[in-house]
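Below is one structure; the comments refer to it alone.
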Amino acid sequence: QVQLVESGGGSVQPGGSLRLSCAASGSIFSVKAMGWYRQAPGNERELVAQIISAGTTNYADSVKGRFTISRDNAKNTVYLQMNTLKPEDTAVYYCNADIQLSSRPSIVNNYWGQGTQVTVSS
């Protein structure tokens, strides 16, 4: 059983910062790509940022220069530092990870966290 547990959401004023964390736990052989998605009311879920095990990152254009994704491979944890937050960043943020459960067979499953609310409002 694999779980992704998020923390760090909350309410902040425009221009403020928040840091999200997501820890993967359970019977894990290795964690491949990890990322953050978000979904605002009435919108589809969208990719915010992604980081692969080698450290390569990918960001949505709307967050480039404001958000930074990082990971601690020893802790199977991914972080999202969000700076200069805007009201349009308000959404439920979901952690996502591709996780290999064993060395053989080499099967990689995709997992989602339960989501954490981020609200940016004055």
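Computation of the quantities below employed the complete heavy-atom set of this structure, encompassing side-chain atoms and omitting hydrogens, waters and symmetry-equivalent molecules.
- Heavy atoms of other residues, nucleotides or ligands lying less than 6.0 angstrom from CD of Q117 number more than 12.
- Residues R66 and D89 meet the side-chain proximity criterion, which asks for heavy atoms closer than 4.5 Å.
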Check against side chain to side chain contact (heavy atoms under 4.5 Å, CB included), I107 and L101: CA-CA 7 Å; I107 297 174; L101 303 183; over 6 Å; no

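- For the pair W112/C95, no side-chain contact is recorded, criterion being any heavy-atom separation below 4.5 Å from C-beta on.
- Here the CD1-OG1 distance, from I69 to T57, works out to 8.0 Å after rounding to the nearest 0.5 Å.
- Note that CG of L85 is 12.0 Å distant from OG of S121, once rounded to the nearest 0.5 Å.
- Taking OH of Y59 as the reference point, atom OG1 of T68 lies at 4.5 Å (rounded to 0.5 Å).
- Of all heavy-atom pairs spanning L18 and G8, the tightest one is CD2-O, 4.0 Å.
- For the pair I51/W36, no side-chain contact is recorded, criterion being any heavy-atom separation below 4.5 Å from C-beta on.
- Residue pairs meeting the side-chain hydrogen bond (donor to acceptor under 3.5 Å, both in side chains) criterion with at least one partner in residues 7-26, sequence neighbours excluded, are S17-N83.
- For the atom pair D72 CG and M34 CE, the distance stands at 10.0 Å (nearest 0.5 Å).
- Note that CG of N110 is 14.0 Å distant from NZ of K32, once rounded to the nearest 0.5 Å.
- In Q114, the CD atom is not crowded: 12 or fewer heavy atoms of neighbouring residues, nucleotides or ligands sit closer than 6.0 Å.
- Annotation: side chain of V120 is not in contact with side chain of M82 (no heavy-atom distance under 4.5 Å).
- Using a 4.5 Å heavy-atom cutoff, the side chains of R38 and T90 are not in contact.
- At least one side-chain heavy atom of V118 sits less than 4.5 Å from a side-chain heavy atom of L20.
- Pairing each heavy atom of A91 with each of A40, the nearest pair is CB-N, 3.8 Å.
- Residues I99 and N76 have side chains not in contact (no heavy-atom distance under 4.5 Å, counting atoms from C-beta outward).
- Here the side chains of Y93 and E6 are not in contact, with every heavy-atom distance at 4.5 Å or above.
- Side-chain atoms of N96 come within 3.5 Å of backbone N or O of Y111 as a donor-acceptor pair.
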